[in-house]
Amino acid sequence: MPQRLPQLNTLRTFEVAARHRSFTQAAVELHVTPSAISHQIKLLEDELGIRLFRRENNKLLLTDAGTYLMQECTAVFERLAAITQGVRKYGSDKKLNIALRPYFAQKWLMPRIGSFWEKYPEVDLALHHTIKEPSFADGAIDIWICWGDGNFPNLVSTLLVNGDLTPVCSPRILHAGNGSLSPDILTAHCLLDEELPDNWNRWLEIAGEPKLIPRKRISIDDTNVRLHAAIDGQGFLLTCLSLLQRELKEGILVAPFDCTLPHYSYYAVYKNETLENPKARAFIEWLLSNAASEK
């Protein structure tokens, strides 16, 4: 069985009285009466079974046991003070760490982040660009904004942006008008592929052209590079329209086909206990509010 410890309050009272060598000065520091100090010291001495103070020529002195206990208590309370200060600093200064894809950061988060900082100026964010799943185990990442199917075991996931895929391109490379076109025009153009061609192959199958052979296919592993290649008229990009509203509205890009490929979407993913952090909760609520307003 663990040994029963004295009450923390009696130890604190003793440490202050021992440091001042005065019950009166201890009473001033702790905002109590000298008799309350005397009572707490007697309780501690009775519990420990040993005297901690002695009087000599009207002076309050420490016994050997009292000297030892004062030194140890002072060290313990100084350590506790440092720990609690560290906890306060952790809560007030720690940045909120967000892991996300560079493409999502550029096309969705950064154009909107000003409204978050305006509402929560005290919250500092650290954005970590990655396409890999981060580890939540070490606490380095608070929230992960990811591209996936929503199935993340032991984590909370909430849909942010629909990720159904459809081709887009520069209007300059189309020979037809603004209406819906037939996918067979892709035989005269380049398809801008991800690392793997699976999504384009699946879209062509849904579009009724599973055997279509484009003029060229180029594999580009960076979504931002694929996007700018499409804007520059280099080919067709397969993407979700949710992240390209500005380009579509300004006519920089067009989506000439009606057919879409159901695919992954963007989710906010985090541990259950993340919501206990007020900063993280505020950011998640802001994410969901912005995402809901655009659906």
Side-chain angles (χ1 to χ4, degrees), residues 82-165 194-196 198-199 220-228 239-246 262-295:
I83 290 172
T84 53
Q85 181 61 28
V87 171
R88 292 190 184 99
K89 183 176 181 181
Y90 182 89
S92 61
D93 295 346
K94 183 177 181 295
K95 292 181 178 180
L96 198 62
N97 289 282
I98 314 298
L100 74 170
R101 287 175 170 249
Y103 184 64
F104 186 88
Q106 178 187 356
K107 302 306 299 177
W108 195 93
L109 182 63
M110 296 315 296
R112 297 165 176 80
I113 197 64
S115 68
F116 176 78
W117 284 328
E118 185 175 331
K119 189 173 183 179
Y120 301 100
E122 75 283 1
V123 179
D124 291 327
L125 302 179
L127 303 183
H128 304 271
H129 293 151
T130 179
I131 62 173
K132 297 180 180 179
E133 180 175 357
S135 172
F136 286 93
D138 58 3
I141 296 298
D142 299 295
I143 300 165
W144 177 32
I145 300 176
C146 70
W147 171 252
D149 61 3
N151 182 26
F152 304 97
N154 304 317
L155 295 169
V156 179
S157 65
T158 306
L159 176 66
L160 292 178
V161 176
N162 179 278
D164 291 353
L165 302 178
E194 303 174 42
E195 300 93 319
L196 299 175
D198 295 357
N199 288 335
I220 304 174
D221 65 0
D222 188 311
T223 310
N224 284 307
V225 176
R226 289 198 302 275
L227 171 63
H228 285 286
T239 187
C240 58
L241 301 184
S242 306
L243 301 185
L244 298 177
Q245 292 304 305
R246 188 183 71 180
H263 196 49
Y264 292 163
S265 296
Y266 287 97
Y267 291 83
V269 180
Y270 47 90
K271 297 188 295 184
N272 269 307
E273 54 265 36
T274 298
L275 292 177
E276 297 174 6
N277 180 344
K279 295 180 180 180
R281 186 170 63 252
F283 185 72
I284 291 168
E285 290 174 352
W286 175 84
L287 281 174
L288 299 182
S289 175
N290 275 263
S293 68
E294 299 171 11
K295 291 178 181 177

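Closest approach of D149 to N151, counting heavy atoms only: OD1-N, 2.9 Å. The nearest pair of heavy atoms linking A105 to P111 is O-CD, 4.2 Å.
Side-chain contact, W286 with S115: a donor N or O sits under 3.5 Å from an acceptor N or O.
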**Asked** Are H263 and W147 close enough, and set up right, to give a ring-ring contact (aromatic ring centres under 6.0 Å, His included), and what steps lead you there?
**Response** CA-CA 10 Å; H263 196 49; W147 171 252; 5.6 Å; yes
**Item:** CA sep, side-chain torsions, deciding dist, call: V123, F283, side-chain contact (heavy atoms from CB on, under 4.5 Å)
**Value:** CA-CA 9 Å; V123 179; F283 185 72; 5.8 Å; no
**Prompt:** Does the side-chain contact (heavy atoms from CB on, under 4.5 Å) test come out yes or no for L160 and N290, once each step is laid out?
**Reply:** CA-CA 9 Å; L160 292 178; N290 275 263; over 6 Å; no
**Asked** Step by step, would you call T223 with F104 a side-chain contact (heavy atoms from CB on, under 4.5 Å)?
**Response** CA-CA 10 Å; T223 310; F104 186 88; over 6 Å; no
**Request:** With side-chain contact (heavy atoms from CB on, under 4.5 Å) as the test, would you mind laying out the steps for T130 and R101 before giving the verdict?
**Result:** CA-CA 5 Å; T130 179; R101 287 175 170 249; over 6 Å; no
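Side chains of L127 and L109 form a contact here, defined as non-hydrogen atoms less than 4.5 Å apart. Side-chain contact between W144 and F136 is present, with heavy atoms from C-beta onward closer than 4.5 Å. Here the side chains of K271 and L155 are in contact, with some heavy-atom distance below 4.5 Å. Looking only at side-chain heavy atoms (C-beta outward), L96 and N277 come within less than 4.5 Å of each other. With a 4.5 Å cut-off on side-chain heavy atoms, Y266 and C240 count as touching. Residues K107 and L227 meet the side-chain proximity criterion, which asks for heavy atoms closer than 4.5 Å.
Not one N or O on the side chain of N97 forms a donor-acceptor pair closer than 3.5 Å with the backbone of D142. With S265 contributing its side chain and G163 its backbone, the two residues share a donor-acceptor pair below 3.5 Å.
Counting heavy atoms of neighbouring residues, nucleotides and ligands inside a 6.0 Å radius, atom CD of E273 exceeds 12 of them. Atom CZ of F116 sits in a crowded spot, with more than 12 heavy atoms from other residues, nucleotides or ligands closer than 6.0 Å.
The distance from the NZ atom of K279 to the CD1 atom of I143 is 12.0 Å, given to the nearest 0.5 Å. To the nearest 0.5 Å, atom NE2 of residue H228 and atom CD1 of residue I220 are 11.5 Å apart.
A side chain to side chain contact (heavy atoms under 4.5 Å, CB included) with W108 is found for exactly one of L100, I113, I145, L287, namely L287.
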